[in-house]
Amino acid sequence: MRTLLALGGSAVLLLGIASWVEAVQGGKTYDLRGPAPRKGLTLETNTTLRIKDADTTLKVMGQSLKMKMSMTMVSEEEQKVLEVQGREVTKSQAHIRKERAIIKSDFGGGMEVTQPTELEGQTVISELVGKGKWKHRLVDAQPTEKQKKELDNRIGLENDDDLYPAEKVAVGHEWEVPAEALRKLFGNAIVNVSGKVKQKFVKVETVDGEECAVIESQGKIRGKMKNEDGEPTIDVEMEMRGRAWRSLRTGVEIKGEFSGKITLAGTQKVDDAEVEIAMSGPFSGESRTKVFRAE
């Protein structure tokens with residue numbers, strides 16, 4: 001009995017020491033990168049981005065037009081992992097259910113235009129052919145010239161390890177994401193990305209039955225947006241902040257919220273006429289992703 005009591009006392013002492021060490025180290029630690037993707041993993045993602053009442057100036061053929069412009073961009077995609085090598089998805093399939101912009105302005109008493117992209121309704125196969133380089137093709141169809149340009153601006157399901165710490169970290173951990181890693185947030189539509197984003201692991205929270213790491217982001221990013229000919233002719237600057245809920249089981253961001261201010265300035269061709277564009281205003285948005293076959 002005395003021996004059992006001694007062992008029991010030692011166990012309590014060891015537990016106390018372990019708890020103290022854990023507290024000193026910042027508590028339980030988590031792998032924010034998560035597991036490697038698996039073949040057959042399917043993601044269903046809905047994303048909405050809004051620019052509200054942006055101050056806009058268009059200059060064309062010697063005339064200058066000033067207006068307030070609002071844009072809502074909606075995307076609904078189903079992505080399926082077809083091939084994996086290590087932690088890299090090397091082949092994937094995307095069915096683009098919806099991809100369109102709704103543009104409103106106060107010009108001429110008010111105008112509204114809904115413009116689907118050339119890829120809405122299409123199924124795209126993406127293959128990784130080099131570091132950060134993807135080759136895309138339509139399933140059972142030859143792309144038009146406009147579709148080819150939009151395919152060139154896509155990326156596949158890229159590995160996003162560079163956005164998160166390599167080691168396990170505790171709640172409260174902070175880090176910076178460099179410009180090269182930020183490129184993955186924009187695909188090929190925005191190039192020459194510069195700036196930094198600060199991130200912080202603020203807590204663990206359950207969303208739709210998934211234990212998630214809640215990560216807050218804030219930063220300023222600059223880059224060049226490509227025109228329809230693929231030339232980087234428009235300067236982009238974004239001051240942004242966001243919050244993401246990243247599943248600790250799958251490593252997939254299942255919920256995201258973001259907001260900030262965007263400024264655009266440059267030239268764009270419209271019906272063979274060169275238009276100077278300047279736009280500045282607030283933006284906000286959210287995304288939700290459902291994960292299937294993530295055993």
Within the 4.5 Å heavy-atom criterion, are [X] and [Y] side-chain neighbours or not?
X: E83; Y: E127; result: no
X: L264; Y: V236; result: yes
X: V177; Y: Q199; result: yes

Neighbour count above 12 (heavy atom, 6.0 Å) for [X] [atom1]:
X: R241; atom1: CZ; answer: no
X: K261; atom1: NZ; answer: no
X: K255; atom1: NZ; answer: yes
X: Q142; atom1: CD; answer: no

(message) D208: which residues meet the side-chain hydrogen bond (donor to acceptor under 3.5 Å, both in side chains) condition with it, sequence neighbours left out?
(response) R288
(request) Give a yes-or-no answer on whether the side chains of W245 and E210 include a donor-acceptor pair shorter than 3.5 Å. (result) no
(message) Under a 3.5 Å threshold, yes or no: a donor from one side chain and an acceptor from the other, between T90 and Q85?
(response)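 Note: T90 and Q85 side chains miss the donor-acceptor criterion.
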(message) Run the side-chain contact (heavy atoms from CB on, under 4.5 Å) test against E118 and tell me which residues pass, sequence neighbours left out.
(response) K146, Q147, E150
(message) Would R154 and E77 count as a salt bridge (charged side-chain N to carboxylate O under 4.0 Å, His left out) here? Give the steps.
(response) CA-CA 13 Å; R154 289 184 64 85; E77 281 195 18; 3.2 Å; yes
(message) Does the structure place the NZ or CZ of R246 under 6.0 Å from the centre of the six-membered ring of Y30, at an angle of no more than 45° from the ring's axis?
(response) no
(request) For E237 and K220, run salt bridge (charged side-chain N to carboxylate O under 4.0 Å, His left out): C-alpha distance rounded to whole Å, both residues' side-chain angles, the deciding distance at 0.1 Å, then the answer. (result) CA-CA 7 Å; E237 184 175 291; K220 193 172 185 177; 3.6 Å; yes
(message) If the condition is salt bridge (Lys or Arg N to Asp or Glu O under 4.0 Å), which residues does E44 pass it with, not counting sequence neighbours?
(response) R97
(message) Working to the nearest 0.5 angstrom, can you tell me the gap between E286 CD and T47 OG1?
(response)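 Those atoms lie 9.0 Å apart.
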(message) Using 0.5 Å steps for rounding, measure from the NZ atom of K224 to the OG1 atom of T233.
(response)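 OG1 of T233 is found 7.5 Å from NZ of K224.
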